[in-house]
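Here is the structure we will look at, set down as structure tokens.
Being a predicted model, the structure only gives us computed values, none of them experimental.
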Amino acid sequence: MSELPAEIRRLRIARGMNQSQLAAALRVSKSLVAGFESGRHIPQADTAETMDKILDSRDQIQKKSAIAREDRHPWMRSWAEHERRAILLRSYQPLLVPGLLQSEAYMRLVLETVAGNEGRIDELMRTRLERQSATLGRDKPVAISAIIGEYALLRGPREVMKDQLGHLVDLGHRPSVRIRVMPDDVGLHTGLGGAFVIANLPDGRRCGYLDNQLKGTVVTSHGEVTDLELAWEAVDGLALPVVQSRDLMLRMIDERK
């Protein structure tokens with residue numbers, strides 16, 4: 001849930017008002033105020049502005065209401081914004097290391113493989129590094145659960161991959177990051193259909209991201225997100241546990257010495 005319902009209730013009580021009194025001041029029904037405090041309803045911009053004046057809360061309700069409205073309609077945000085707001089990201093990537101977990105050297109090589117990126121590599125790297133900082137580097141880092149195909153960890157120049165594997169091992173020691181490897185020998189499975197990410201947003205809603213050769217696609221419909229969550233359950237059951245995955249990556253590093 002968003003912070004808005006609890007904030008409205010806290011501010012109302014601090015002003016010594018009950019729901020009926022606040023409703024009268026706002027010229028709305030008591031049931032609507034109750035809906036604001038339960039999270040069933042979100043104040044519109046004019047109501048939020050009036051509420052800030054009544055509760056002497058500057059623009060806090062206006063700001064939190066705007067965020068809550070956007071989370072109710074996640075298609076209004078770009079994927080980078082979903083990442084920044086997410087409390088949990090579940091990422092499956094069979095062929096490449098996920099962007100949020102890439103080292104700078106590996107990131108540069110991946111971006112250089114796309115012909116259309118010529119002349120824009122430094123700009124694209126800055127954007128990706130900013131995404132990393134906005135998720136892994138924020139005060140309360142997003143929880144990340146990543147499953148990476150073993151194939152992805154075996155492709156690339158020796159020194160670059162050694163550095164990338166070490167970066168993954170280091171990230172995996174963070175409490176907020178879980179990295180697991182999908183072994184090549186598991187055979188056919190639903191994850192071979194392609195990479196995807198599922199974001200859990202602060203209000204409990206979920207959205208997904210699919211990548212392809214041309215552009216990424218954000219999916220928000222309940223049915224599509226449910227299909228991605230079923231795909232996640234499938235790959236989740238096949239991937240190695242965290243400790244075994246770390247041991248595998250450490251062996252790969254030793255093989256590159």
Does [Y] offer a backbone N or O that forms a donor-acceptor pair with the side chain of [X] under 3.5 Å?
X      : Y      : result
Tyr106 : Val97  : yes
Arg206 : Gly204 : yes
Gln60  : Ser57  : no
Gln132 : Gly99  : yes
Arg138 : Lys140 : yes
Ser65  : Ile61  : yes
Ser245 : Leu240 : yes

With side chains defined as the heavy atoms from C-beta onward, is the minimum distance between [X] and [Y] less than 4.5 Å?
X      : Y      : answer
Pro94  : Met182 : no
Ile144 : Arg178 : no
Val197 : Gln93  : no
Pro98  : Leu100 : no
Leu168 : Leu153 : yes
Cys207 : Trp79  : yes
Val33  : Lys30  : no
Val218 : His82  : yes

**Prompt:** Can Leu228 and Leu210 be said to form a side chain to side chain contact (heavy atoms under 4.5 Å, CB included), step by step?
**Reply:** CA-CA 10 Å; Leu228 288 182; Leu210 304 172; 3.8 Å; yes
Nearest 0.5 Å, what's the [atom1]-[atom2] distance between [X] and [Y]?
X      : Y      : atom1 : atom2 : value
Asp227 : Glu224 : CG    : CD    : 7.5 Å
Leu250 : Glu255 : CG    : CD    : 11.0 Å
Ile147 : Arg180 : CD1   : CZ    : 4.0 Å
Thr127 : Leu111 : OG1   : CG    : 9.5 Å
Asn117 : Leu124 : CG    : CG    : 5.0 Å
Asn200 : Arg90  : CG    : CZ    : 5.0 Å

**Asked** Between Arg10 and Glu7, is there a side-chain N and carboxylate O pair less than 4.0 Å apart?
**Response**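 Judged by the 4.0 Å cut-off on N to carboxylate O distance, Arg10 and Glu7 do form a salt bridge.
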Connected via hydrophobic side-chain network under 4.5 Å: [X] and [Y]:
X      : Y      : result
Met17  : Met51  : yes
Met107 : Leu89  : no
Ile121 : Leu109 : no
Val242 : Leu238 : no
Leu171 : Leu129 : no

**Prompt:** Do other residues, nucleotides or ligands put more than 12 heavy atoms under 6.0 Å from the CZ atom of Arg131?
**Reply:**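 Correct, the count exceeds 12.
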**Request:** Decide if atom CD of Glu104 counts as having more than 12 heavy atoms of other residues, nucleotides or ligands within a radius under 6.0 Å.
**Result:**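 For Glu104, atom CD is not crowded (no more than 12 foreign heavy atoms under 6.0 Å).
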**Asked** Under the 6.0 Å and 45° cation-pi test, does Arg155 pair with Tyr151?
**Response**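 Verdict for Tyr151: a cation-pi partner in Arg155.
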Please name the pair of heavy atoms, one in [X] and one in [Y], separated by the smallest distance, quoted to 0.1 Å.
X      : Y      : value
Ile148 : Ile179 : CD1-CG2, 4.0 Å
Ser38  : Gly35  : OG-O, 3.2 Å
Pro5   : Gly39  : CG-CA, 3.6 Å
Arg174 : Leu136 : NH1-O, 3.4 Å
Leu101 : His167 : O-CD2, 3.1 Å
Val142 : Ile87  : CG2-C, 3.6 Å

**Request:** Go through the steps to decide whether Ile54 and Thr50 satisfy the test side chain to side chain contact (heavy atoms under 4.5 Å, CB included), and finish with yes or no.
**Result:** CA-CA 6 Å; Ile54 294 170; Thr50 303; 3.8 Å; yes
**Request:** Indicate the ring-plane relationship of Trp232 and Phe196, choosing parallel, tilted or perpendicular according to the 30° and 60° boundaries.
**Result:**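 Plane angle over 60°, so perpendicular.
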**Prompt:** Got a sec, which residues hit ring pair (Phe, Tyr, Trp, His ring centres under 6.0 Å) with Phe36, two or more places apart in sequence or on another chain?
**Reply:**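 If we apply the ring pair (Phe, Tyr, Trp, His ring centres under 6.0 Å) test to Phe36, skipping adjacent residues, there are no hits.
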**Request:** For the residue pair Ser103 and Gln164, confirm or rule out a side-chain donor-acceptor distance under 3.5 Å.
**Result:**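 Side-chain D/A pair, Ser103 to Gln164: present.
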**Item:** Intermediate values then yes/no, side chain to side chain contact (heavy atoms under 4.5 Å, CB included), Glu37 and Arg12
**Value:** CA-CA 10 Å; Glu37 295 188 2; Arg12 173 179 61 75; 2.6 Å; yes
**Request:** Applying side chain to side chain contact (heavy atoms under 4.5 Å, CB included), run through His222 and Arg205 and close with a yes or a no.
**Result:** CA-CA 9 Å; His222 177 74; Arg205 294 170 187 266; over 6 Å; no
